[in-house]
Amino acid sequence: MGIGRWITGAIGWALGGPLGGLVGYLLGSLFEGDNGESQRVYTTGGGFSANEQRNSFLVSLLVLSAAVMKSDGKVLKSELEYVKEFIRRSFGEQALPQALQILKAALDKNIDLPQICAQIKLYMDPSQRLQLYHYLVGIANADGHVSQVEIADLKNIAMYLGIPAAEAESILAMFGGSDVNSAYKVLEIDPSATDEEVKRAYKKMAIKHHPDKVESLGEDVKKAAEEKFKSIVAAYETIKKERGFN
C-alpha cells in the first residue's frame with residue numbers, strides 16, 4: 001500500500017534541516033508504490049496545516065523513540081510494544097508496517113540529537129513538545145523501570161527541546177508512582193509550599209497541560225494528553241488528602 005496514508009500527506013517542516021536529511025534516509029526505501037512508481041510527499045510553503053503538524057509530530061516521535069530505545073544499549077520488547085500500540089491507536093493497523101520500517105531504520109542509524117531536537121524546538125510549540133516528551137518517558141518506563149542511563153538521556157533530550165528542567169522532572173515524576181513526594185514533583189513545587197501555593201500550582205499546571213493545546217495533532221494525541229492531565233489531577237488529590245484540605 002505504498003508508504004501509508006499517514007505519510008503520503010504533507011509532512012511539512014520535518015522534510016527540512018537535519019531532520020529532513022535523516023527522514024530522507026529513513027523513507028528512501030519506502031517511496032516506491034505498489035505499481036513501482038515513485039510516491040510523492042507533498043509539502044506547502046508558508047504556514048503548516050494540521051495534517052502537516054500531525055505527520056511531522058509522528059516522524060519526530062519515531063526518530064526520538066529510536067534514540068530513547070537505544071539509550072541503555074538494548075531494545076526491549078516492552079518498548080517496541082509500547083510504540084506499536086501507539087501507532088495502532090493513532091493511525092490504525094494499516095500504518096504499522098511502514099512505521100515499524102522507519103523505526104527500524106532509525107534504530108540502525110546514529111541520531112544527532114542536539115540538531116534534530118533543535119529543529120523540532122524551532123517548529124513545534126511548547127505544548128506539543130511536552131506531549132512528545134511525555135510519550136518518550138512512557139517508552140523508557142515501558143518495562144516498569146526507568147534506568148539512570150535513560151533518565152540522563154531523557155534530561156538531555158528535554159534540554160535540547162527547550163523544556164525547562166522543572167517541567168522535565170514533573171513529567172518523569174508522573175511515571176514515578178503515586179506517593180506524595182512524586183505528587184509534589186508533578187506539580188513542580190516543594191513540600192514546604194503553602195496550601196495556597198499548592199492550589200495555584202495546580203491551576204497553572206492544569207492550564208499548561210490542558211489537552212486542548214494539542215488538539216491540532218488529532219484526537220488520538222489529545223487523548224494521550226488527557227492521560228497526562230489525569231496524572232496532574234491525581235497528584236493534586238494526593239497532596240490534598242495528605243494535607244487534609246479541599
Side-chain angles (χ1 to χ4, degrees), residues 1-15 19 23 26-27 30 41-43 47-69 77-104 106 116-117 120-121 123-142 154 157-158 161 163 167 170-172 174-175 205-234:
M1 64 183 264
I3 59 175
R5 64 183 183 181
W6 58 266
I7 207 70
T8 54
I11 299 180
W13 56 263
L15 289 182
L19 185 56
V23 168
L26 300 182
L27 300 183
L30 304 180
V41 178
Y42 294 93
T43 60
F48 302 105
S49 68
N51 192 45
E52 287 178 295
Q53 292 180 54
R54 178 176 169 78
N55 287 342
S56 295
F57 182 87
L58 175 61
V59 170
S60 301
L61 184 148
L62 288 170
V63 170
L64 294 184
S65 292
V68 171
M69 292 169 74
K77 182 179 179 181
S78 57
E79 295 171 335
L80 181 58
E81 288 302 319
Y82 187 94
V83 177
K84 288 167 67 175
E85 179 56 30
F86 175 84
I87 299 301
R88 285 195 188 97
R89 191 171 62 247
S90 303
F91 298 92
E93 188 71 31
Q94 72 280 359
L96 191 59
Q98 289 78 22
L100 291 180
Q101 282 181 277
I102 294 171
L103 180 65
K104 182 180 184 301
I116 296 297
C117 290
I120 293 171
K121 176 185 175 183
Y123 289 102
M124 197 179 288
D125 71 36
S127 295
Q128 293 174 351
R129 279 181 273 138
L130 283 173
Q131 189 57 41
L132 176 61
Y133 189 69
H134 182 269
Y135 167 84
L136 296 175
V137 176
I139 290 179
N141 189 63
L154 284 165
I157 289 174
L161 289 174
I163 296 174
E167 294 184 6
S170 170
I171 292 176
L172 282 165
M174 292 178 187
F175 295 85
M205 294 291 288
I207 293 171
K208 180 166 61 177
H209 293 278
H210 198 281
D212 285 350
K213 288 184 176 290
V214 296
E215 64 181 350
S216 66
L217 297 176
E219 282 300 313
D220 48 285
V221 177
K222 184 177 179 181
K223 287 179 181 178
E226 288 171 356
E227 291 302 312
K228 176 159 57 76
F229 190 81
K230 288 177 183 177
S231 296
I232 294 168
V233 175

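The figures that follow rest on heavy atoms only: side chains count, while hydrogens, waters and symmetry mates do not.
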Within the 4.5 Å heavy-atom criterion, are [X] and [Y] side-chain neighbours or not?
X	Y	answer
Val137	Met174	no
Leu217	Leu58	no
Leu103	Met69	yes

> Hey, mind stepping through Asn141 and Leu172 against side chain to side chain contact (heavy atoms under 4.5 Å, CB included) and telling me if it holds?
Replying inline: CA-CA 9 Å; Asn141 189 63; Leu172 282 165; over 6 Å; no
>> If the condition is salt bridge (charged side-chain N to carboxylate O under 4.0 Å, His left out), which residues does Lys223 pass it with, not counting sequence neighbours?
In response: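 Not a single residue meets the salt bridge (charged side-chain N to carboxylate O under 4.0 Å, His left out) criterion with Lys223.
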>> Ile120 vs Leu132, test: side chain to side chain contact (heavy atoms under 4.5 Å, CB included). Steps then yes/no.
In response: CA-CA 10 Å; Ile120 293 171; Leu132 176 61; 4.2 Å; yes
> For Ser170 and Met205, what are the C-alpha separation, side-chain angles and deciding distance, and is it a side chain to side chain contact (heavy atoms under 4.5 Å, CB included)?
Replying inline: CA-CA 10 Å; Ser170 170; Met205 294 291 288; 3.4 Å; yes
Within this structure, what is the [atom1]-[atom2] distance for the pair [X] and [Y], rounded to the nearest 0.5 Å?
X	Y	atom1	atom2	result
Ile116	Lys121	CD1	NZ	15.0 Å
Met124	Gln53	CE	CD	9.0 Å
His210	Glu226	NE2	CD	8.5 Å
Ser127	Asp212	OG	CG	10.5 Å
Lys230	Ile232	NZ	CD1	13.0 Å
Leu61	Gln131	CG	CD	9.5 Å

For residues 77-85, tabulate all N or O donor-acceptor pairs below 3.5 Å that involve a side-chain atom, not counting sequence neighbours.
residue, atom, partner, partner atom, Å
Glu79, OE1, Leu76, N, 3.1
Glu81, OE2, Lys84, NZ, 3.3

>> When you measure from the side chain of Tyr133 to the backbone of Leu154, do you find a donor-acceptor pair of N or O atoms at a distance under 3.5 Å?
In response: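 Yes.
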> Between Lys228 and His134, is a side chain to side chain donor-acceptor pair (under 3.5 Å) present by the stated rule, with each step listed?
Replying inline: CA-CA 8 Å; Lys228 176 159 57 76; His134 182 269; over 6 Å; no
Least distance between heavy atoms, [X] atom then [Y] atom:
X	Y	value
Val214	Ala225	CG2-CB, 3.7 Å
Leu64	Cys117	CD2-SG, 4.1 Å
Ile139	Val68	CG2-CG1, 4.1 Å
Phe229	Ala206	CE1-O, 3.4 Å
Arg129	Leu161	NH1-O, 2.7 Å

> Under the side-chain hydrogen bond (donor to acceptor under 3.5 Å, both in side chains) test, which residues partner Lys208, sequence neighbours left out?
Replying inline: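 Once residues adjacent in sequence are excluded, the partners of Lys208 under the side-chain hydrogen bond (donor to acceptor under 3.5 Å, both in side chains) criterion are Glu167, Glu188.
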>> Is it the case that atom OH in Tyr135 sees more than 12 heavy atoms from other parts of the structure closer than 6.0 Å?
In response: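 Yes, OH of Tyr135 has more than 12 neighbouring heavy atoms, counting only those of other groups under 6.0 Å.
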> NZ of Lys104: more than 12 outside heavy atoms within 6.0 angstrom?
Replying inline: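 Incorrect, the count does not exceed 12.
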